[in-house]
Amino acid sequence: MLETMRWENETLFLLDQTKLPHVISYLPCQDYSEVKMAIQKLAVRGAPAIGAAAAYGLALGMLKGKGVEFEELTALEFYRQAQTITRELKDARPTAVNLSWALNRMLSVLKSTIDQAPSSLSINDLRSALLAEAHLIYQEDLEGNKHLGQLGQTLVPTGAKILTHCNAGALATAGYGTALGVIRAAHTAGKKISVFATETRPLLQGARLTTFELLQEEIPVTLITDGMTGFLMARKMIDLVIVGADRIAANGDVANKIGTYNIALGAREHNLPFYVAAPISTLDLNLNRGQDIPIEERNPVEVTHFAGKKTAPDGVSVWNPAFDLTPGHYITAIITDRGIMFPPYHKEKWQRLVGQPSRLTFKFEGR
Ligand code: MRU
């Protein structure tokens, strides 16, 4: 599978997902503003991948100060500069909580490094601490997805036909994927599963990315348009649904790619299990319910045009929310890297799950 991102020679190379599946090219980013732009234009996308890219973005920003002589800063001034860049990066996209989760984690590592040895640290020590944390966020996501996949595949019956929406695969993460991680693990376990992938209008993450990933691994996949999911269920052509998430509120409400809610409604009507797969970094216990999750609205051009060609009349008014909200009571289970959560979803239960020690105990040793 292609790498979503790669750190090499003080440069972050991001796989340009806007060009997939036909062109494989990497965007070299040497400053945090380039990373921010790549996130905004969806060159890197998917909640966990956005988080990891932003972490590297902050490390980059603190490596090469624009107009700031970092070497002359005190540790505290360096920290304040990191806060400024963090604020800018957080603005890139509003819905996926992994973005602020990763950046907050970066800042807190910087703070504790400074607090532990305030006077003996050089600016380069602080930079190394930031970069090591970015590598760790990346590596933990990769390992976490594999674990999540193993847990999730126990819910998948042999021979299951699975519907997925958007792309919650290796490309949306540091690797392996969440919803596609469960699908990969079920396939590897010899369960002879097959997948229906929605094209995912308007930006076609399903048609361009999910089918691409599954074909590469020879997992049987059939592409459908978004409007076909209800009829697919009525015809009894699928056994279960698995999607990813951009943010999960304490009551189990899930923000995910626009169209997810329609699929959940259909699954309820047709009595089909509807699973969400996401790392624990996608959980936002500061929000009690989904209505409080900010939903990104994107450029109308994404809807008035198809593959660069205008398809709608000039002057038409457009609404283009990139995500929707699926109420927790439609979700059969939420599969995380710490365990599987079944309803009812509430804060105390989540806190117990989050409090469980992560299975991942390794220390990053270079990449
Ligand atoms: O707009 P995108 O492509 O970033 O949206 C991606 C999704 O909605 C994914 O389902 C979600 O981020 C989970 S990715 C593991």
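What you see is a predicted model; the values in this text were computed from it and never measured. For ligands, and for the atoms within them, numbers begin at 1 and follow the listed sequence. Residue numbers count from 1 along this sequence.
Because its NZ or CZ atom is both nearer than 6.0 Å to the ring centre of Phe323 and within 45° of the ring axis, Lys257 counts as a cation-pi partner of that residue. Stacking of Arg268 on the aromatic ring of Tyr330 is not recorded, the 6.0 Å distance cut-off and the 45° axial limit not both being met.
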inquiry  = If you apply the rule salt bridge (Lys or Arg N to Asp or Glu O under 4.0 Å), what do you find for Glu302 with Arg201, and how did you get there?
reply    = CA-CA 9 Å; Glu302 292 176 354; Arg201 272 287 282 158; over 6 Å; no

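No side-chain donor-acceptor contact under 3.5 Å links Thr200 and Gln205.
Ring-plane geometry between Trp350 and Tyr345 is classed as parallel, the angle between the planes falling under 30 degrees on a 0 to 90 degree scale with a further cut at 60.
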Tabulating one pair per line, provide the atom names and distances (0.1 Å) for every N/O atom of ligand 1 that is less than 3.5 Å from a protein N/O atom.
| from | atom 1 | to | atom 2 | distance (Å) |
| --- | --- | --- | --- | --- |
| ligand 1 | 1 (O) | Arg93 | NH1 | 3.4 |
| ligand 1 | 1 (O) | Arg93 | NH2 | 2.9 |
| ligand 1 | 1 (O) | Lys257 | NZ | 2.7 |
| ligand 1 | 3 (O) | Arg45 | NE | 2.9 |
| ligand 1 | 3 (O) | Arg45 | NH2 | 3.3 |
| ligand 1 | 3 (O) | Gln205 | NE2 | 2.9 |
| ligand 1 | 4 (O) | Gly46 | N | 3.0 |
| ligand 1 | 4 (O) | Arg93 | NH1 | 2.8 |
| ligand 1 | 8 (O) | Asp246 | OD1 | 2.9 |
| ligand 1 | 8 (O) | Asn256 | OD1 | 3.2 |
| ligand 1 | 8 (O) | Lys257 | N | 3.3 |
| ligand 1 | 10 (O) | Asn256 | OD1 | 2.6 |
| ligand 1 | 12 (O) | Ala47 | N | 2.9 |
| ligand 1 | 12 (O) | Asp246 | OD1 | 3.0 |
| ligand 1 | 12 (O) | Asp246 | OD2 | 3.1 |

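When side chains are defined from C-beta on, Lys41 counts as touching Asp16, because their heavy atoms get closer than 4.5 Å.
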